[in-house]
Amino acid sequence: MDNLATADSSPPHSLAPDQLTPAQRTAVDHFEGPLLVLAGPGSGKTRVITRRMARLVERGVDPRQILAVTFTNKAAEEMAARVERLAGGRPVAVSTFHRFCARLLRDHAELVGLQANYTILDTTDQKQVVRTVLDELNLDAVHFPPARISGRISRAKNEQQTAESLQANSVSRVGNHFQEVVARVYPRYQDFLLRANAVDFDDLLLHVQQLLTENPELRSRLDQQYRFVMVDEYQDTNLVQYGIVRLLSHDHPNLCVTGDPDQSIYGWRGARVDNILRFEQDYPDATVVRLEENFRSTAAILRSADQLIAHNQLRKAKSLITQNPEGDAVELLVYGSAQDEAHGISARIHELVSRNECTYGDCAVFYRVNSMSRQLEQALSRWGIPYQVIAGVAFFERAEVKDLLGYLRLIENPADDAAFARVVNKPPRRIGKVTQSKLARYATTEKINRLEAAAHAKQIPNLSKPATTALLRFHELIDGLNLADAGSVAELLRTIIDRTRYTAGWQTGLGKSSEQDIQRQAVIDELLALATQYDEDLGDERSLAGFLEITSLVADTDAIDPSQGNVTLMTLHAAKGLEFPTVFVAGVEQNLLPHERSLRDDNPREIEEERRLLFVGMTRAIDRLSLTLAAQRDLHGQSRSTIPSQFLNEMQLSMRDNTIPGDTAVPRPPLPDAGNTMGRSGMADSPLLTTGAALLNGTGEAATLEQGFAVGMAVRHPRYGRGTVVAVDGFARNRTVTVRFEDSDEGVSFQAAHCPLQPLGRS
DNA sequence: CCACTATTGCTTTTT
DNA sequence: GCAATAGTGG
């Protein structure tokens, strides 16, 4: 089951579980004082950290005195489970930076001007808030895109620039319109958040830093409480995180950080590699351990990766060593089009699996941008290969999820005007733009939140009668909802869906529902399942705040599920910390990897980060690694010729050209027939939906079928199983296929061009 | 004054 | 190919 695992498991080439190299041993046995572990890819870093934590407990350190911080929930959970196992069942707290801060802030909210029931805004909410502020300033969102503005605000926060200092800064730089606008929006944005008792992701960290800086007694108490602090992926910390870590390890500098400057890929998010590079200056008596031997990849893979990364100038020289066997050379596969590339990869996986060289779950495909998953999904679908996409359309980004969570947020924190704006007219209850802006104006002048203002609708000037009653009814609706009455989060969600008649508008009637509605319902069911799980896990401890905290701070990478036996598709960023026997990196082209944005102003730092990104991707591979590219790729709908990535010239590769025009160099899947499609795919008729990612798996887009569909044709859907086509309507893009699946009375309609239906032949 | 449909434009990476 | 806007009918 562990074919996808972090570095600590035991891949074929690794040391026996109990064995440690001398360097690893030094790190594990290190007790007090600062420790820096510089760990190359596949060097057993996770194993070292977990072993060290267990060792601390063994030496009598109370687990509550250990604070371990990672960047993803997935990493945190895995680490916690592993340490607990090693430490004889004693739980050790492992948390992400954001979660740790969220908890701390919950306990001390009033010290930074918040209340304990504050809510966390996501990027969509942030953009919405920016939009509101732009409106107030009479600026248009077309000329000043909210996404860019909130990005700049986020960057400012990461660099510890307050609204005031940014303003001061931009005044000195006259002429920069955009910067000026950002400086004007920032303080109002922040004001909105504070009034809404809400924080954004950056605030979680920033508020905690402020908390620790301004309250020395609290700081020293926490410093004392967390006598041992461990930070994983230290090269990814930003200035604020760096500050927090330092504030917590002042009196007890038993700080252990681990990381690899060559795997720093979050510079764009404010991460500072310098943090790890200057650790030895920050803590002159630090012990430094270098883990350079790789236990993961073949020598061939490692050699190419090493050659690549050696081209980074702004780097301390370091080479990767391994005693692993040579293995196959790293391949470069060149295809004529993105479609060929996708089919080529699928064919390759199909071949490897049918020759029993690996399983589907052993394979991963990485790419630079999420939008590249679509074509890969289509091809894999056509080949009948089961796959999971990490963060295709993220589960928690789905409108239904955000709406329902919006209701929960508003119930928990009535001051959350962002949540109010999100749900006040969802589903449509005749509270449109005009009414909302009158309400907002009134709320602002009266200095009350919007929900309260809705209760006073009769006092709002120029409000039409129907609008007034609609607002009053909405207020009543929210007022009548709470966790105590509902009994559990899941029950509360059901009550919300029921009372708002949330799904009422969906039934397109005539005894058939659309594919879209089925998906939306599935999303809701998934959220309910998640809530039920939460209710069970927490028992009497359950709270809305707790549930919202979990749902706000999850990442899509958390959904990676190795046990499913699926090919895994994800971005290069999401791939960090994982390993797979067979890896494909797709789209290794100039302007894509390196991304065009990094080439734009010829900044070597950015190009080096792109190089590290490819390095990270390559070093995930255990046995087989292929880099692929397409000579032509669609960009904004237009097909364009591409240029091979500059990185390809920097390493040893064995090239295979599959671009012979009009030829069969790229195989297409064998024609489907009822007999062997099932056997080949290895897919269950209706797989269980377990995670958000798995849920969305296979439903995105799909095959364009040359032969089309006809009434009476037997088809198979990756999720709903076998069925028969009962109707075909419309033309071209509007063509829909209605299918009746086995054990179902209803027909389900699909867009012919965009569904993963596989024809099985006539029945 | 609101809801719905057609149309234009922009698209890294993520806690 | 999506999401914010413009336009139209109710």
Side-chain angles (χ1 to χ4, degrees), chain A residues 69-76 95-102 120-124 126-128 131 140-142 145-148 151 154 157-158 199-205 233 236-238 240-241 264-271 366-375 390-391 393-394 396-397 399 425-438 462-467 470 505 549 552-558 570-576 587 591-600 606 609-610 612-614 616-617 634-638 700-701 733 753-754:
Chain A
V69 202
T70 62
F71 276 82
T72 65
N73 295 299
K74 169 109 180 143
S95 189
T96 64
F97 262 110
H98 288 86
R99 192 175 300 281
F100 171 73
C101 289
I120 302 167
L121 302 190
D122 65 26
T123 45
T124 314
Q126 290 178 40
K127 279 184 279 183
Q128 214 50 55
R131 207 170 274 280
D140 73 303
V142 181
R148 269 187 71 198
S154 171
K157 287 184 174 182
N158 285 327
V199 301
D200 60 25
F201 287 128
D202 306 307
D203 283 342
L204 283 173
L205 307 170
E233 308 284 13
D236 289 334
T237 51
N238 64 26
V240 185
Q241 290 160 333
S264 155
I265 53 176
Y266 287 104
W268 53 273
R269 200 167 85 180
F366 306 147
Y367 35 81
R368 179 64 234 266
V369 293
N370 275 311
S371 59
M372 282 183 63
S373 73
R374 191 154 274 125
Q375 278 190 307
I390 308 306
V393 184
F396 288 96
E397 300 283 308
N425 203 30
K426 248 162 235 170
R429 42 175 80 91
R430 312 203 65 83
I431 304 175
K433 224 176 124 179
V434 180
T435 305
Q436 284 189 52
S437 83
K438 283 176 188 165
N462 307 324
L463 212 59
S464 73
K465 192 101 190 248
E549 182 186 300
S552 319
L553 298 178
V554 284
D556 302 301
T557 44
D558 300 339
M570 67 180 111
T571 62
L572 286 159
H573 282 91
K576 188 155 78 160
N591 295 323
L592 199 50
L593 183 63
H595 194 272
E596 57 172 333
R597 275 173 120 95
S598 69
L599 294 162
R600 216 167 271 176
E606 291 183 38
E609 182 154 312
E610 298 286 313
R612 289 194 292 269
L613 201 48
L614 179 55
V616 166
D634 283 355
L635 245 131
H636 323 274
Q638 301 231 309
E701 297 304 318
R733 297 184 61 167
H754 299 285

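Model, not experiment: these values are computed from the prediction. The chains referred to below are lettered A, B, ... by the order of the sequence lines, with proteins before strands, and numbering in each begins at 1.
Contact detail for A/Lys157 and A/Val240: the closest heavy-atom pair is O-CG2, 3.7 Å. Between A/Leu204 and A/Cys101, the closest heavy-atom pair is O-CB, 3.5 Å. Closest approach of A/Asp202 and A/Ser154 over heavy atoms only: OD2-OG, 2.9 Å.
A/Arg131 comes within contact range of the sugar-phosphate backbone alone, with a heavy-atom separation under 4.0 Å but no base atom that close. Looking at heavy-atom distances under 4.0 Å, A/Phe71 makes contact with sugar-phosphate atoms alone, never a base. Across all strands shown, A/Arg429 has heavy atoms under 4.0 Å from sugar-phosphate atoms exclusively, and none from any base.
For C/dA4, the paired base is B/dT7 (Watson-Crick or G-U wobble, both distances below 3.5 Å).
Between A/Ser598 and A/Thr96, the residue whose closest nucleotide on DNA chain B is further toward the 5' end is A/Ser598. If A/Gly432 and A/Glu610 are placed on DNA chain B by their nearest nucleotide, the residue sitting closer to the 5' end is A/Gly432. Both A/Arg430 and A/Lys433 lie near DNA chain C, and the one whose nearest nucleotide falls closer to the 5' end is A/Lys433.
One atom, OH of A/Tyr367, and another, C1' of B/dT14, lie 14 Å apart when rounded to the nearest Å. The CG-P distance, from A/Asn591 to B/dT13, rounds to 16 Å in whole Å. If you measure from atom CG of A/Asp236 to atom C1' of B/dT15, you get 11 Å, rounded to the nearest angstrom. Between the CE atom of A/Met570 and the C1' atom of B/dT14 there is a distance of 15 Å, rounded to whole Å. Taking atom CD of A/Gln241 as the reference point, atom C1' of B/dT14 lies 12 Å away to the nearest angstrom. Distance, A/Arg374 CZ to C/dG1 C1': 6 Å, rounded to whole Å. Atom NE2 in A/His98 sits roughly 4 Å away from atom C1' in B/dT15 (whole-Å rounding). Note: CZ (A/Arg269) to P (B/dT13) measures 13 Å, nearest angstrom.
You'll find that the side chain of A/Asn370 is closest to B/dT13, out of B/dT15, B/dT13, C/dC2. In the set B/dT14, C/dG1, B/dA3, B/dA3 carries the atom at the smallest distance from any side-chain atom of A/Pro428. Closest contact between the side chain of A/Asn425 and the listed nucleotides B/dA3, B/dT14, C/dC2 involves B/dA3.
The ring of A/Trp268 lies on top of the base of B/dT13, close enough and flat enough: under 5.5 Å between centres, under 30° between planes.
Residue A/Asn238 has no polar side-chain atom (N or O) positioned under 4.0 Å from OP1 or OP2 of B/dT15. Between A/Lys438 and B/dC1, a side-chain N or O to OP1/OP2 separation shorter than 4.0 Å is present. Phosphate proximity of B/dT14 to A/Thr571: present, with a side-chain N or O under 4.0 Å from OP1 or OP2. OP1 or OP2 of B/dC2 sits under 4.0 Å from a side-chain N or O of A/Thr435. Within the structure, every side-chain polar atom (N or O) of A/Arg597 is placed at least 4.0 Å from both OP1 and OP2 of B/dC10.
Distance check, rounded to the nearest 0.5 Å: CG of A/Leu593 to CG of A/Leu614 gives 5.0 Å.
Under the 4.5 Å side-chain criterion, counting only non-hydrogen atoms from C-beta, A/His573 is in contact with A/Trp268.
In this structure, A/Phe201 and A/His98 have perpendicular ring planes: the angle between them is above 60°, well past the 30° mark.
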